[in-house]
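Okay, structure first, notes after.
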Amino acid sequence: MSTAAALHEATSKDPVLIAATLGTGLMAGLYLAFDVAVMPALARREDEGFVAAMRRANDALDDNAAFGTLFLGVFMATGVAARRLARADRSDAARRARAAAVLYGLSVVVTICANLPLNRRLRTAPGTSAAALAAARKAYERPWRRANAVRTAACLGALALLGDTARRRAALRAR
């Protein structure tokens, strides 16, 4: 079976699993981009530039309905995929999808409990003096990067599990 045929087969038989996999990949990619490009680039900027850029990035994501839908939709799709696999008596696949849901859920919890509060504090931090900007950055940058690294690892783990599940399902159907 060709790759295109296998993809068509997988998406027609497991559309929720494929949606969860693709969505998890998008979220992992976003978090990874911050880890490897955005934050290292901003680390080279002065405090005022760093704080201003992060405020703008956070505002753009906070006000983006598509991002919010993806962020929560991936979690729901992964749970639904696990449930559908369990109902289809695919216990190994269901276990991998449940583990992926737990990992993605970890990224949601870290976002809600760490990244969002840090973003709110940065948004409301006084930014009129160099000392205030330096203090705001110091309170934000390292904790935010650590939390983001956890989100990235959790999403990459979830992506590996979902991708492996989708691959195995497609291989079984190709037999």
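Note that the structure is a prediction, hence the values are computed from the model and not measured.
Val110 and Val108 end up in different hydrophobic clusters when Ile, Leu, Val, Met, Phe, Trp and Tyr side chains are linked at under 4.5 Å. Linking ILVMFWY side-chain heavy atoms closer than 4.5 Å, directly or via other members, places Val102 and Ile112 in two distinct hydrophobic clusters. Cluster annotation: Val150 is not connected to Trp144 through the hydrophobic network of ILVMFWY side chains, with a link wherever side-chain heavy atoms come within less than 4.5 Å. Cluster annotation: Leu162 is not connected to Ile18 through the hydrophobic network of ILVMFWY side chains, with a link wherever side-chain heavy atoms come within less than 4.5 Å.
Closest of all the heavy-atom pairs between Ala132 and Pro126 is CB-O, 3.5 Å. Considering all non-hydrogen atoms of both residues, Leu103 and Gly157 come closest at CD1-C, 3.6 Å. Of all the heavy atoms in Cys113 and Pro117, the pair that sits closest is O-CG, 3.5 Å. Of all heavy-atom pairs spanning Ala154 and Leu106, the tightest one is CB-CD2, 4.0 Å.
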Return a table of donor-acceptor pairs under 3.5 angstrom between the side chains of residues 22-40 and protein atoms on other chains or two or more places apart.
{"unit_1": "Thr24", "atom_1": "OG1", "unit_2": "Ala20", "atom_2": "O", "d": "2.7"}
{"unit_1": "Asp35", "atom_1": "OD1", "unit_2": "Asn148", "atom_2": "ND2", "d": "2.7"}
{"unit_1": "Asp35", "atom_1": "OD2", "unit_2": "Thr152", "atom_2": "OG1", "d": "2.5"}

Report all side-chain donor-acceptor pairs from residues 67-83 shorter than 3.5 Å, counting only partners two or more places apart or in another chain.
{"unit_1": "Thr69", "atom_1": "OG1", "unit_2": "Ala65", "atom_2": "O", "d": "2.9"}
{"unit_1": "Thr78", "atom_1": "OG1", "unit_2": "Val74", "atom_2": "O", "d": "2.8"}

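By the side chain to side chain contact (heavy atoms under 4.5 Å, CB included) test, Glu48 is found to be paired with Glu46, Leu133, residues two or more places apart in sequence or in another chain being considered. Evaluation of the side chain to side chain contact (heavy atoms under 4.5 Å, CB included) rule for Arg44 yields Ala41 as partners, not counting sequence neighbours.
A salt bridge is absent between Arg84 and Asp14: the closest approach of a Lys/Arg side-chain nitrogen to an acidic carboxylate oxygen does not fall below 4.0 angstrom. Ion pair Asp164/Arg168 flagged as a salt bridge, since at least one NZ, NE, NH1 or NH2 atom sits closer than 4.0 Å to an Asp/Glu carboxylate oxygen. The existence of a salt bridge linking Asp92 and Arg95 is confirmed by a sub-4.0 Å separation between a basic side-chain nitrogen and an acidic carboxylate oxygen.
Counting heavy atoms from C-beta on, the side chains of Tyr140 and Arg121 never come closer than 4.5 Å. Residues Thr165 and Arg169 have side chains in contact (heavy-atom distance under 4.5 Å, counting atoms from C-beta outward).
The list of ring-ring contact (aromatic ring centres under 6.0 Å, His included) pairs with a residue in residues 91-131, not counting sequence neighbours, is empty. Contacts classified as side chain to side chain donor-acceptor pair (under 3.5 Å) and involving residues 125-135 (residues at least two apart or in different chains) are not found.
Atom CG of Leu61 is separated from atom CZ of Arg56 by 13.5 Å, given to the nearest 0.5 angstrom. Between atom CG of residue Asn115 and atom CZ of residue Arg151 there is a gap of 3.5 Å, rounded to the nearest 0.5 Å. Here the CZ-CG distance, from Arg55 to Asn119, works out to 11.5 Å after rounding to the nearest 0.5 Å. Rounded to the nearest 0.5 Å, atoms CG (Asp47) and CZ (Arg137) are 5.0 Å apart. To the nearest 0.5 Å, the span separating CZ on Arg120 from CG on Asp62 amounts to 8.5 Å. With rounding to the nearest 0.5 angstrom, the CD atom of Glu141 is 10.5 Å from the CG atom of Leu122.
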